[in-house]
Number of protein chains: 2
Amino acid sequence: MIAQATNSSEGLAQKLSDSGLRATPQRELVYRSLLQQRDHPTAEEVFARVKTEMPTISLATVYNCLETLVQCRLIRQVNHERSSTRYCPNLRPHAHFHDEQTGEIHDVDLPAPFLDQLKSMLPTNFHASAVEITFLGKSEKNS
Amino acid sequence: MIAQATNSSEGLAQKLSDSGLRATPQRELVYRSLLQQRDHPTAEEVFARVKTEMPTISLATVYNCLETLVQCRLIRQVNHERSSTRYCPNLRPHAHFHDEQTGEIHDVDLPAPFLDQLKSMLPTNFHASAVEITFLGKSEKNS
DNA sequence: TCCAAGTTTAGAACAATTCCAATTCGCATC
DNA sequence: GATGCGAATTGGAATTGTTCTAAACTTGGA
């Protein structure tokens with residue numbers, strides 16, 4: 001766990017500087033916040049969370065940091081219909097399950113061969129660089 | 001062509017009245033416009049198209065009509081990231097291919113067994129009512 | 001013919017996000 | 001350490017796409 005957190009920070013600084021960007025306290029905090037509570041928060045939710053630790057941070061900065069992290073491929077955006085963009089630090093290939101009752105989003109791992117199969121279904125003149133899969137439905141709480 | 005248009009209109013009137021709604025000239029026009037040019041237009045684009053035929057129609061009405069048609073399951077919404085919602089009269093199960101260069105959206109038919117296979121990949125406590133699949137990439141113009 | 005409910009309309013309001021211009025920060029160099 | 005410069009942050013204004021509102025209009029049925 002500690003090792004992982006350390007790796008995360010190093011990974012952050014590394015990936016940022018790869019893009020010629022700085023590892024600022026704000027960027028580190030926003031990133032740590034996402035890793036800590038992996039529940040696909042909106043920018044406003046991230047803002048509320050990080051403000052407890054850094055009360056002077058602004059919403060604009062949270063938007064900036066999130067965009068930067070997305071561009072460095074440290075996190076991903078998750079959109080559904082036209083509601084607020086949510087953010088996800090899970091970089092493995094996975095789908096999202098939207099619980100229509102609770103509004104919660106759950107990650108669903110998908111086997112890589114399956115994704116290849118999916119891409120192979122495209123007509124030959126289409127070349128997909130990415131596939132997004134979203135399930136809608138309800139999930140039972142289980143013990 | 002004429003027969004098809006007639007069927008469409010009848011289908012429209014029928015499905016609307018099933019929901020206790022009226023087949024107004026505005027709703028018919030918006031629906032016909034979508035069937036005529038099946039290129040996933042935004043509400044603004046639909047507005048521009050129908051205005052040539054009914055100059056007094058308002059943007060709010062176009063939004064209302066589109067929402068009504070979605071609720072009656074005569075058309076579907078297509079969202080991508082946070083850009084404007086687009087509308088699609090194709091009711092068959094299909095995926096969408098977003099061409100990242102042109103911004104165009106293409107329908108991609110998917111075999112039904114495949115969609116079942118996809119749903120069966122979910123953990124047992126998830127029950128999906130729908131799946132959305134979106135490809136991102138580029139498509140070659142072919143002769 | 002008249003009424004009530006459904007529908008349309010223009011414009012105001014709204015929410016999420018981006019833009020802007022003015023500080024502030026942090027590293028490199030002296 | 002001081003200094004300078006580009007990068008980053010900030011608060012507030014602006015923008016975008018959409019929804020809301022209240023008034024006027026339309027329609028089918030008593």
Side-chain angles (χ1 to χ4, degrees), chain A residues 9 12-33 40-51 53-72 74-87 103 105, chain B residues 12-31 33 40-51 53-72 74-87 103 105:
Chain A
S9 289
L12 174 71
Q14 187 56 58
K15 286 219 180 179
L16 284 169
S17 79
D18 285 353
S19 307
L21 303 170
R22 294 177 187 161
T24 66
Q26 287 88 344
R27 285 171 180 167
E28 282 170 0
L29 178 55
V30 165
Y31 185 52
R32 256 192 295 118
S33 156
H40 306 90
T42 63
E44 290 275 3
E45 284 165 350
V46 173
F47 181 46
R49 289 173 193 179
V50 298
K51 224 175 7 180
E53 207 163 324
M54 185 187 280
T56 57
I57 200 171
S58 74
L59 178 58
T61 298
V62 171
Y63 272 105
N64 289 342
C65 291
L66 290 168
E67 198 201 334
T68 300
L69 294 173
V70 168
Q71 280 169 354
C72 296
L74 284 154
I75 64 172
R76 305 222 298 238
Q77 291 188 319
V78 184
N79 289 284
H80 182 55
E81 314 240 303
R82 286 197 43 90
S83 62
S84 308
T85 298
R86 294 172 175 277
Y87 297 87
I105 299 172
Chain B
L12 175 69
Q14 188 56 59
K15 286 221 183 181
L16 285 169
S17 77
D18 286 352
S19 308
L21 302 169
R22 293 176 188 162
T24 66
Q26 288 88 344
R27 285 171 180 165
E28 282 170 359
L29 178 55
V30 166
Y31 185 52
S33 156
H40 306 89
T42 63
E44 291 275 4
E45 284 164 351
V46 173
F47 180 47
R49 289 172 192 180
V50 298
K51 224 172 11 176
E53 206 163 325
M54 185 186 281
T56 58
I57 198 169
S58 74
L59 178 58
T61 299
V62 171
Y63 272 106
N64 290 342
C65 291
L66 290 168
E67 198 202 331
T68 301
L69 295 172
V70 168
Q71 279 169 355
C72 296
L74 284 154
I75 65 173
R76 304 222 300 236
Q77 290 187 321
V78 184
N79 288 286
H80 183 56
E81 313 238 303
R82 286 197 44 89
S83 63
S84 309
T85 298
R86 294 173 174 276
Y87 297 86
I105 298 173

Scan nucleotides 22-24 of chain C against the protein and return all N/O pairs shorter than 3.5 Å with their distances rounded to 0.1 Å.
none

Any idea which heavy atoms bring [X] and [Y] closest together, and the distance?
| X | Y | answer |
| --- | --- | --- |
| A:S83 | B:R82 | O-NH1, 2.9 Å |
| A:N79 | A:T85 | OD1-OG1, 2.8 Å |
| B:T68 | B:L21 | CG2-CD1, 3.6 Å |
| A:L74 | A:K15 | CD2-CD, 3.8 Å |
| B:R27 | B:R22 | NH1-O, 2.8 Å |
| B:P25 | B:M54 | CB-CE, 3.9 Å |

Sub-3.5 Å pairs of nitrogen or oxygen atoms, protein against nucleotides 5-9 of chain C:
unit_1, atom_1, unit_2, atom_2, d
C:dT7, OP1, B:R22, N, 2.7
C:dT7, OP1, B:R27, NH1, 2.7
C:dT8, OP1, B:T24, OG1, 2.5
C:dT8, OP1, B:Q26, OE1, 3.3
C:dT8, O3', B:Q26, NE2, 3.2
C:dT9, OP1, B:T56, O, 3.2
C:dT9, OP2, B:S58, N, 3.3
C:dT9, OP2, B:T61, OG1, 2.5

Q) Which is true for B:T85 with a 4.0 Å heavy-atom rule: it touches a base, it touches only sugar-phosphate, or it touches nothing? A) sugar-phosphate

5'-most contact on DNA chain C (nearest-nucleotide basis), B:L59 vs B:R82, goes to B:L59

Those residues at least two apart in sequence (or on a different chain) that pass side-chain hydrogen bond (donor to acceptor under 3.5 Å, both in side chains) with B:N64 are none

Taken to the nearest whole Å, CD/A:E44 to P/C:dT18 is 13 Å

note: B:E81, atom CD; C:dT18, atom P; distance rounded to Å ~ 10 Å

DNA chain D: first to last nucleotide in contact with chain B (atom under 4.0 angstrom from a heavy atom), 5' to 3', is D:dG17 to D:dT27

query = Are any of A:Y63's side-chain N or O atoms less than 4.0 Å away from OP1 or OP2 of C:dT17?
reply = yes

message = So does B:G20 get a backbone contact from the side chain of B:S17, meaning a donor-acceptor N/O pair under 3.5 Å?
response = no

* Are B:V70 and B:R76 side-chain neighbours, meaning at least one heavy-atom pair lies under 4.5 Å? -> no

Across all chains, not counting sequence neighbours, the side-chain contact (heavy atoms from CB on, under 4.5 Å) partners of B:A23 are B:A13, B:L16, B:E28

Would you mind writing out the side-chain donor-acceptor pairs for residues 56-63 of chain B within the sub-3.5 Å range, not counting sequence neighbours?
unit_1, atom_1, unit_2, atom_2, d
B:S58, OG, B:T61, N, 3.1
B:S58, OG, B:T61, OG1, 2.9

